[in-house]
Chemist: 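For reference, the structure I am asking about is given below.
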There are 2 protein chains.
Amino acid sequence: MTDAEQRSLARLEVRERGLRRGAVLVRENEPTGELFILKRGMMMSYVLLDDGSRQILRFLFPGDMLGVSGLVYRRSPETVVALTDSAVCPFDRSEMTGIVTMHPRLAAIIMAVNQMERVALTDRLAALGRTSAKGRVAALLLEIRNRMRALDKGIVDTFTLGLTQEEIGDATGLTAVHVNRMLRQIEDDGLIAREAGRVTFLNEGALAQAANYTDRFSGIDLSWLPEAR
Amino acid sequence: MTDAEQRSLARLEVRERGLRRGAVLVRENEPTGELFILKRGMMMSYVLLDDGSRQILRFLFPGDMLGVSGLVYRRSPETVVALTDSAVCPFDRSEMTGIVTMHPRLAAIIMAVNQMERVALTDRLAALGRTSAKGRVAALLLEIRNRMRALDKGIVDTFTLGLTQEEIGDATGLTAVHVNRMLRQIEDDGLIAREAGRVTFLNEGALAQAANYTDRFSGIDLSWLPEAR
DNA sequence: CGGTAAATTGACCTGGGTCAATAAATGTGG
DNA sequence: CCACATTTATTGACCCAGGTCAATTTACCG
């Protein structure tokens, strides 16, 4: 990445705002304002349905851009909250237009990241539509571990999930009770071990098979990106 | 839109390729090549799971860009097929880099459309995770009608669905048998009428309520787009 | 050291799936 | 235009994965 590109991106992170666990950064249906980059911590986005049930849409990790729907919608289609104490860097929509205008290659990279997120969403769509409860829970465990490992190479088979079983249920379309049963079953099958909120993969291959997991990290090709300006 | 912008977009549509109903345009796991713009007809994208079940990810209508994941992935994560006789305009990835480089405002518009598609996906995720079979079928009927109406203002309450009940099931995460029962129930409730593959909305309000439907068309704000170059 | 949120587990229920048989609709070759 | 073949739609009977409800137990927190 060129110096100019890095400077433009750095400008998105001049301000920083801390968030306590549970703090709401963006609330569904409220006017959208700034966008954010997640600097530290873990967050999630969700929607609430009329009957009060919740669907968690996505877990957010450092480096992710938050509240991007604010670019397009006057009111936010989703709520964004902190799952752990976190820090975000707010920036204005106009910063985005500046980047797109001045750095076409960054614009292309943002489009590429959007595509990767879209594919992650369609993978979850297929999981909710067509896989068993056990498979969905297994898929969630793999997804969280993979995201954590991408940020911290020290994480391999053991990690702190940091989610309640109710949250796992709201992400996978299950009830907390059934999530509990599925975790127990996965544990009894010898695929994972659990203790004090930490999960250890004992048989990642079998877990991936149960989850119908497809690795999307390999197979990425960004050779089409334009030259840096 | 400026002349230059229109010329650039028109260059994406110089070639045209016809597709018969059922023709596969892009096959899952096969190398990605060109991108496409759907010119005429209706198509869909889907993934197949290990057990042979299918999840339909999206229905595609004229104006939609197809195979965009080819920008990022060496092999396609999804299959794209024609639901009716259709026509697409293939173009090379390099055309995309050209547009992004020369027309920042078009790049921004593409990013905006991506966001709208992402929100449509999260709406479906919430439907699969947290709504009843009847609600999901109702939501699908509304979605298809709305997309058709956006292209043909003449369509109001009556339209040709153009999907088998098995396809509706693969989109909503249900079996064809249960889709049949839900359609019958929605009909018996007086919300729709059916005859010869055509559906008529008799009580759109109740249908929207059953579907937990949220209108995303209003509420769009593109004031942040950069100036045309 | 309470007090509240989260995890577990059992008993029982139901929305949606499975299987199977027909009926309708849509094509196709002649 | 007709007879036959293949999808697609329907419906009934029955089953089960996952939900509901309720009671404990355990972990976390000020």
Side-chain angles (χ1 to χ4, degrees), chain A residues 20-22 44 49 51-56 81 83-85 127-141 160-189 192-199 210-212, chain B residues 20-22 49 51-56 81 83-85 127-141 160-189 192-199 210 212:
Chain A
R20 287 304 183 72
R21 180 154 75 88
M44 66 174 173
L49 307 208
D51 66 356
S53 63
R54 175 175 72 169
Q55 176 65 49
I56 293 176
V81 305
L83 284 164
T84 67
D85 292 349
L128 290 202
R130 289 299 188 213
T131 71
S132 68
K134 198 204 285 197
R136 289 183 233 171
V137 172
L140 181 122
L141 294 177
T160 301
L161 190 48
L163 298 174
T164 67
Q165 293 178 0
E166 184 174 5
E167 286 161 348
I168 298 173
D170 285 345
T172 54
L174 301 169
T175 58
V177 172
H178 204 59
V179 167
N180 184 289
R181 289 195 270 247
M182 292 302 102
L183 283 170
R184 161 145 316 287
Q185 199 175 318
I186 293 172
E187 188 174 24
D188 290 347
D189 290 349
I192 64 170
R194 289 183 298 159
E195 34 121 21
R198 295 177 68 75
V199 174
N212 214 281
Chain B
R20 286 304 184 74
R21 181 154 75 88
L49 307 209
D51 65 357
S53 62
R54 175 174 71 168
Q55 176 65 49
I56 294 177
V81 305
L83 285 165
T84 66
D85 291 350
L128 289 201
R130 289 300 188 211
T131 71
S132 67
K134 200 205 285 196
R136 290 182 231 172
V137 172
L140 181 121
L141 294 177
T160 301
L161 191 48
L163 298 173
T164 67
Q165 294 179 359
E166 184 172 7
E167 286 160 348
I168 298 173
D170 285 345
T172 54
L174 301 169
T175 57
V177 173
H178 204 59
V179 167
N180 184 288
R181 290 195 270 246
M182 293 301 102
L183 284 171
R184 161 146 315 288
Q185 200 175 316
I186 293 172
E187 188 174 25
D188 289 348
D189 290 349
I192 63 170
R194 290 183 299 158
E195 35 120 23
R198 296 177 69 74
V199 175
N212 216 281

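Just the heavy atoms: all of them, side chains too, but no hydrogens, waters or symmetry mates, feed the values below. Just so we're on the same page: letters track the sequence lines, and every chain starts at 1.
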Chemist: B/M182 CE to C/dG16 C1': how many Å, rounded?
Modeler: 8 Å
Chemist: Taking the axis from the first five pairs and the axis from the last five, what angle separates them in the helix from C/dC1-D/dG30 to C/dG30-D/dC1, rounded to 10 degrees?
Modeler: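 Inter-axis angle at the ends, rounded: 60°.
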Chemist: Run the side-chain contact (heavy atoms from CB on, under 4.5 Å) test against B/A171 and tell me which residues pass, sequence neighbours left out.
Modeler: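 In terms of side-chain contact (heavy atoms from CB on, under 4.5 Å), with neighbours along the sequence ignored, B/A171 is linked to B/I56, B/F59, B/R124, B/L140.
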Chemist: Quick one: B/L163 CG to D/dT7 C1', roughly how many Å, whole number?
Modeler: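 Going from CG in B/L163 over to C1' in D/dT7 covers 15 Å.
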Chemist: Check side-chain hydrogen bond (donor to acceptor under 3.5 Å, both in side chains) between B/E166 and all other residues, then give those that pass, not counting sequence neighbours.
Modeler: none
Chemist: Using a cut-off of strictly less than 4.0 Å between a heavy atom of the residue and any atom of DNA chain D, enumerate the qualifying residues of residues 165-176 of chain A by number.
Modeler: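 Going residue by residue through residues 165-176 of chain A, the ones with a heavy atom under 4.0 Å of DNA chain D turn out to be A/G173, A/L174, A/T175.
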Chemist: Whole-Å distance between C/dG15 C1' and B/Q185 CD?
Modeler: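 Distance check: B/Q185 CD to C/dG15 C1' gives 11 Å.
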Chemist: Please list, chain by chain and in numerical order, all residues satisfying side-chain hydrogen bond (donor to acceptor under 3.5 Å, both in side chains) with A/T175, sequence neighbours excluded.
Modeler: none
Chemist: How does protein reach along nucleotides 21-30 of chain D, written 5' to 3' as B (base within reach of a heavy atom under 4.0 Å), S (only sugar-phosphate), or - (no contact)?
Modeler: B-------S-
Chemist: Could you check how far CD of A/E187 sits from P of C/dA7, rounded to whole Å?
Modeler: 14 Å
Chemist: D/dT11, C/dA7, D/dG18: which one has an atom nearest the side-chain heavy atoms of A/S132?
Modeler: D/dG18
Chemist: Could you state the interatomic distance from CG (B/L141) to CZ (B/R136), rounded to the nearest 0.5 Å?
Modeler: 14.0 Å
Chemist: For D/dA9, take OP1 and OP2 only and decide whether either is under 4.0 Å from a side-chain N or O of B/N180.
Modeler: no
Chemist: Give the rounded distance in Å between these two atoms: NZ of A/K134 and P of D/dG18.
Modeler: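 In whole Å, D/dG18 P lies 10 Å from A/K134 NZ.
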Chemist: Please round to the nearest 0.5 Å and tell me the distance separating atom CD of A/E195 and atom CD of A/E187.
Modeler: 10.0 Å
Chemist: Taking only the side-chain nitrogens and oxygens of B/R184, find out if one of them lies under 4.0 Å from OP1 or OP2 of D/dT10.
Modeler: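 The answer is no; no side-chain N or O of B/R184 sits under 4.0 Å from OP1 or OP2.
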Chemist: List for me each residue that meets side-chain hydrogen bond (donor to acceptor under 3.5 Å, both in side chains) alongside A/D51, sequence neighbours excluded, and say none if there are none.
Modeler: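 A/D51: side-chain hydrogen bond (donor to acceptor under 3.5 Å, both in side chains) contacts with A/S53.
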Chemist: Excluding sequence neighbours, so at least two apart, what forms side-chain contact (heavy atoms from CB on, under 4.5 Å) with B/A139?
Modeler: B/A211
Chemist: Using the salt bridge (Lys or Arg N to Asp or Glu O under 4.0 Å) criterion, which residues pair with B/D189? Sequence neighbours excluded.
Modeler: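 B/K134.
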Chemist: Going by side-chain hydrogen bond (donor to acceptor under 3.5 Å, both in side chains), name the residues that satisfy it together with A/R184, two or more places apart in sequence or in a different chain.
Modeler: none
Chemist: With sequence neighbours left out, write down each residue that passes side-chain contact (heavy atoms from CB on, under 4.5 Å) with A/T160, or none if nothing qualifies.
Modeler: A/R198
Chemist: Taking only residues at least two apart or on different chains, which pairs with a member in residues 167-177 of chain B satisfy salt bridge (Lys or Arg N to Asp or Glu O under 4.0 Å)?
Modeler: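 Qualifying pairs: A/R130-B/D170, B/R54-B/D170.
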Chemist: Give the rounded distance in Å between these two atoms: CZ of B/R194 and C1' of D/dT8.
Modeler: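 Atom CZ in B/R194 sits about 12 Å away from atom C1' in D/dT8.
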